[in-house]
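Report on the following structure.
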There are 2 protein chains.
Amino acid sequence: MSLNIKDIAKLAGVSPATVSRVINNTGNVNEESRERVLKILGETGYKPNALARGLIHKRTNILGIVVPDISNINFSELVKGIEKEARNHGYNIILTTSGNEFEKEIECFQMYNEKRVDGIIFSGTRFTENHKIEMDNSTAPFLVFGQDFEHEKLLTVNIDNNKAAYDAAMFLFSKGAKNIAMIGGPLWDRAAGYSRFMGFLSAAVENGLNPKELIYEEGDFTIKSGYRIMKSILNKKIVDAVLAANDFMALGAIKCLSDEGISVPDEVQVMGFDDNIISEIYNPSLTTVKIDFYEAGKICAKALINKINGIEVEKNVKFPYEIVVRKSTK
Amino acid sequence: MSLNIKDIAKLAGVSPATVSRVINNTGNVNEESRERVLKILGETGYKPNALARGLIHKRTNILGIVVPDISNINFSELVKGIEKEARNHGYNIILTTSGNEFEKEIECFQMYNEKRVDGIIFSGTRFTENHKIEMDNSTAPFLVFGQDFEHEKLLTVNIDNNKAAYDAAMFLFSKGAKNIAMIGGPLWDRAAGYSRFMGFLSAAVENGLNPKELIYEEGDFTIKSGYRIMKSILNKKIVDAVLAANDFMALGAIKCLSDEGISVPDEVQVMGFDDNIISEIYNPSLTTVKIDFYEAGKICAKALINKINGIEVEKNVKFPYEIVVRKSTK
DNA sequence: TTAAATTAAGAAAAGCTTTTCACGAGGTAA
DNA sequence: TTACCTCGTGAAAAGCTTTTCTTAATTTAA
C-alpha cells in the first residue's frame with residue numbers, strides 16, 4: 001500500500017540515493033533526473049518515513065510535554081504556546097498528563113526516552129530522587145516550567161514568585177490594608193507555596209506586622225480549599241485583606257466572604273495569582289497577579305529548542321508578571 | 001552515551017537476539033541467560049529504541065490529534081479524555097491545533113502520515129476535497145469528532161444534534177415559551193449549525209409556529225456574536241425564549257438582555273449547548289444541553305484503537321447528551 | 001594531449017531492533 | 001541404534017532512509 005523510496009526510485013528510473021538527494025536538496029543531481037523524480041513525487045504523494053529518518057539522524061523533531069492537567073486553563077494555555085512555537089521551528093509535541101503523580105511523571109519520562117524525543121518540558125511541583133535519576137540518565141534536555149529545581153542539566157522558566165508575592169502584598173498595603181492574611185500553597189511547593197509565602201512575609205514585616213502573629217494557611221489551590229480556609233481565618237482574627245496563592249482559592253475566599261455577608265472589597269480586599277479566565281467575569285471581578293501562560297509556553301519551547309540545537313541559552317529564565325487591578329480591591 | 005541492544009548483549013555475554021527475546025518475553029531462552037540479561041537491563045536502565053521498533057512493526061503506538069484550539073475548555077476536556085483512554089491502551093498522542101484553518105489541518109494530516117501515527121482524531125467543521133484526498137491516501141484510520149462527514153474509511157463520534165436541538169426547543173416550549181428564536185451556527189457547519197437548526201425547526205413547527213416567520217440568525221460561536229444577534233432579534237420581533245447553538249452565544253445573549261433591562265428567565269428564557277464551565281457560575285446560571293467532552297474523548301480513543309487493532313467497530317457512534325436545568329429558564 | 005578536477009549516480013553501510021532460519025545438543029520413542 | 005523432537009542460541013535479513021564511498025563520465029587546466 002504505502003510506497004517507499006525504492007519504489008519511487010524504480011518509477012523514476014534512478015537509485016534511492018538520487019531520490020533522497022532530490023528530496024533533501026543535497027546537490028549533485030542533474031536537472032533532468034531531478035525533474036523526473038519530482039514528477040513521480042508529485043504523482044504519488046510520497047512522504048519519507050520519519051521513523052527511518054529519525055533512526056539515522058538521531059532526531060525526531062518531537063518534544064515531550066508533561067503537565068498536571070490539560071483541562072486546567074493555565075496549562076492548556078501553556079501547551080498552546082508551546083505547540084505554537086514548536087511548530088514554527090518544525091517540532092511537534094507529544095502530550096501527557098500526570099495529575100501531579102510522581103510515578104506517572106517518571107513513567108512519562110521513560111516513555112519519552114524510548115520514543116527518543118529531542119527534549120522534555122515538565123510542569124510539576126516536586127523533585128524527587130527518581131526525578132533526578134531520570135534527568136541524569138536522559139540524553140534529551142529537560143526544561144521545568146514553574147519551579148526552580150536545581151540540577152546541572154536543567155533549564156527552568158518561571159516568574160520571580162518571591163518578588164511577585166511581595167509586590168502583591170505591597171499593593172494591598174498601598175490600598176489601605178493593615179492586616180493581611182495569606183491563603184497559600186503547601187510549603188513543599190517551592191514556587192507557588194514557599195516563595196510566594198516568603199514574598200508575602202517580607203512585605204508584611206516591612207509594614208510593621210509581627211511575623212509571629214501572621215496568618216498563613218496552606219490550601220491545595222482549589223476553590224473549595226480557599227472557601228474553607230477563609231472561614232477558618234474569619235474565626236481566628238479580623239483581617240482586612242487576603243492574598244491567595246492562586247485565583248481559584250481567591251474565588252473561594254470571595255464566595256465565603258459573600259456568604260458571610262462581608263463586603264468585598266469594602267471590608268476585606270482579596271487578591272489572587274494567575275489571572276484565570278473566570279477571574280475577569282466573576283462578581284466582583286478579581287484583582288490578581290497575571291501570569292501569561294501562553295507566552296510562557298512560547299518561551300519554554302524556544303529555550304528548549306535552542307538548547308537542543310546547541311545554541312547557548314540562559315539557564316534560569318524569569319519572565320514578567322503583571323498586577324491586574326479589578327473590583328476585589330479598593 | 002546511549003546504549004543499544006548490542007551493548008547489552010555484549011555485557012550479558014549473549015547475542016542481541018537473546019536480549020530481544022528476554023525483553024519481549026518471547027520464549028526460548030533458558031533461565032540462566034535470562035537472569036544474566038535481566039541483571040544487566042536493571043543496571044543499565046536500557047530502553048529499546050522505539051524508532052527501530054516502529055520501523056519493524058509498522059506501528060508507533062501514537063495517535064495524532066487535530067483540534068481547533070486547545071485552550072477552549074471543550075477541546076481540552078476532549079483531549080484529556082483521549083489521552084487518558086489512549087494511555088490505558090499503551091498509546092500516546094501527538095497534539096496539534098489548527099485554528100480551524102483548512103491548510104493547517106491538511107498539513108497536520110501529512111505530518112502525521114510522515115510520522116506514521118497509527119490513527120488520527122480530527123475535530124473540525126468542514127470537509128473539503130483536500131481533506132478527502134488525505135483520508136483516501138492515509139493508511140492510518142481517521143476518526144472525526146463532532147461532525148457527520150461521510151467517507152467510507154471514516155469513523156465518526158458525535159451526539160445526535162438534530163434530536164438534541166429538538167429536545168432543547170421542546171423543553172423551552174414545555175416551560176411556557178411561545179415564540180422561540182434561535183441564535184445558530186453557520187449552516188455550512190453541518191453539525192452545530194445545520195443539524196441543530198433542523199431540530200429546532202421540527203420542534204417549532206410541531207408547536208404551531210410558522211416556519212416562514214421563524215427567527216434564525218447565524219453567529220460564529222463567540223460571546224460577541226451572541227450579544228450582537230440578540231440585539232438584532234430584539235429589534236425585529238418580540239420573543240420569549242432563545243435557543244443558542246452553544247453556551248458562549250447564549251451567555252452573550254443573556255448579557256445583552258440584561259443590558260437592555262430584560263429579565264432572564266421571566267421575560268425571556270435562554271438556553272445553550274455544551275455546558276461550558278462558565279455556564280454554571282454565570283449569573284443567572286445557564287440551562288444548557290450538556291455534552292460531556294471528556295467522555296467523548298474516551299469514546300473516540302477507544303473506537304479508534306479498536307479499529308487500529310482490527311476489531312469491528314460501529315462506524316458512526318452517537319453518544320448521549322443531557323439537558324441541565326439552571327436559572328436561565330423557568 | 002595528459003593530468004587534474006568536477007559532476008552524476010549507484011552500491012553499500014549505518015542506524016537499532018525483531019524475527020526467521022539454521023544448527024547443535026540433548027531427550028524420547030520405536 | 002536410528003529417527004524425530006524440542007530447546008537454546010547465534011547469524012543474518014528485514015524494515016526505510018541517509019550518507020559515505022566508488023566509479024564513470026565529462027570538463028577544465030596545463
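Labels below follow one simple rule: chain letters A, B, ... track the order of the sequence lines, proteins then strands, and each chain is numbered from 1.
Contacts of B:K10 classified as side-chain contact (heavy atoms from CB on, under 4.5 Å), with partners at least two apart in sequence or in another chain: none. Taking the ring-ring contact (aromatic ring centres under 6.0 Å, His included) definition, one finds that B:F127 meets it with B:F149, sequence neighbours left out. Applying the side-chain contact (heavy atoms from CB on, under 4.5 Å) criterion to B:I73, with sequence neighbours excluded, gives A:S71, B:S76, B:E77, B:N276. By the side-chain contact (heavy atoms from CB on, under 4.5 Å) test, B:E103 pairs with B:E101, sequence neighbours left out.
Under 3.5 Å, the side chains of A:D189 and A:Q147 contain a donor-acceptor pair of N or O atoms. Side-chain atoms of B:Y112 and B:T96 include a donor-acceptor pair closer than 3.5 Å.
In this structure, the NE2 atom of B:H57 is 13 Å from the P atom of D:dC16, given to the nearest Å. Residue B:I5 contributes atom CD1, which lies 13 Å from atom C1' of D:dG10 at whole-angstrom precision. Computed from coordinates, the B:N61 CG to C:dT18 P distance equals 13 Å when rounded to whole Å. As a whole-Å value, the separation of A:R59 CZ from D:dT18 C1' is 15 Å. As a whole-Å value, the separation of A:I23 CD1 from D:dT19 P is 12 Å. For the pair A:N4 CG and D:dC16 C1', the computed distance is 7 Å after rounding to whole Å. Taking atom NZ on B:K6 and atom P on C:dT17, their separation rounds to 10 Å, with Å as the unit.
Minimum interatomic distance between A:G146 and A:N158 (heavy atoms only, all atoms of both residues): C-ND2, 3.3 Å. When all heavy atoms of A:Y91 and A:I62 are compared, the pair lying nearest together is CD2-N, 3.9 Å. Closest heavy-atom contact between A:C300 and A:L143: O-CD1, 3.4 Å. Scanning both residues, A:V117 and A:T60, for their nearest heavy atoms gives CA-OG1, 3.5 Å. Among all heavy-atom pairs drawn from A:E105 and A:S98, the shortest one is CG-CB, 3.6 Å.
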Output a table of donor-acceptor pairs, distance under 3.5 Å, between side-chain atoms of residues 46-56 of chain A and any protein atom two or more places apart or on a different chain; print 'none' if there are none.
unit_1: A:N49; atom_1: OD1; unit_2: A:L51; atom_2: N; d: 2.7
unit_1: A:N49; atom_1: OD1; unit_2: A:A52; atom_2: N; d: 3.4
unit_1: A:R53; atom_1: NH2; unit_2: A:N24; atom_2: OD1; d: 2.7

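Contacts between residues 46-56 of chain A and DNA chain C, defined by a heavy-atom separation under 4.0 Å, are made by A:A52, A:L55, A:I56. Of all the residues in residues 31-45 of chain A, A:S33 reach under 4.0 Å from DNA chain C with at least one non-hydrogen atom. Less than 4.0 Å separates DNA chain D from no heavy atom of any residue of residues 107-119 of chain B.
Electrostatic pairing of B:D148 and B:R190 does not count as a salt bridge here, judged by no charged N lying under 4.0 Å from a carboxylate O. Between B:K39 and B:E43 a salt bridge is recorded (basic side-chain N to carboxylate O distance below 4.0 Å).
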Filtered N/O pairs between nucleotides 21-27 of chain D and protein, under 3.5 Å:
none

List, with names and distances, any nitrogen or oxygen atoms from the protein found under 3.5 Å away from nitrogen or oxygen atoms belonging to nucleotides 5-7 of chain C.
none

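Residue B:T26 has no polar side-chain atom (N or O) positioned under 4.0 Å from OP1 or OP2 of C:dT18.
Counting any heavy atom pair closer than 4.0 Å across all strands shown, A:S20 reaches a base atom. Nucleic acid contact for A:V19: none, since no nucleic acid atom lies under 4.0 Å from a heavy atom of the residue.
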Decide side chain to side chain contact (heavy atoms under 4.5 Å, CB included) for B:S33 and B:N30; before the verdict, give the C-alpha distance in whole Å, the side-chain angles of both, and the deciding distance to 0.1 Å. CA-CA 6 Å; B:S33 323; B:N30 94 350; 2.9 Å; yes
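Under the side chain to side chain donor-acceptor pair (under 3.5 Å) criterion, the residue pairs touching residues 293-310 of chain A are A:R59-A:N309, with sequence neighbours excluded.
For the helix from C:dT1-D:dA30 to C:dA30-D:dT1, the axis fitted to the five pairs at one end and the axis fitted to the five pairs at the other end meet at an angle of 50° (nearest 10 degrees).
Ring planes of B:H131 and B:F102: perpendicular class, angle over 60° (limits at 30 and 60°). Taking the six-membered ring for Trp and thresholds of 30 and 60 degrees, B:F293 and B:F75 have ring planes more than 60 degrees apart, a perpendicular arrangement.
Between D:dG10, D:dT19, C:dC16, one nucleotide has an atom nearer to the side chain of A:K58 than all others, and that is C:dC16. Minimum atom distance to the side chain of A:P16 is reached by D:dT18, of the listed D:dT19, D:dG10, D:dT18.
Checked against the 6.0 Å centroid criterion, the rings of B:H151 and B:F142 do not qualify as a close aromatic pair.
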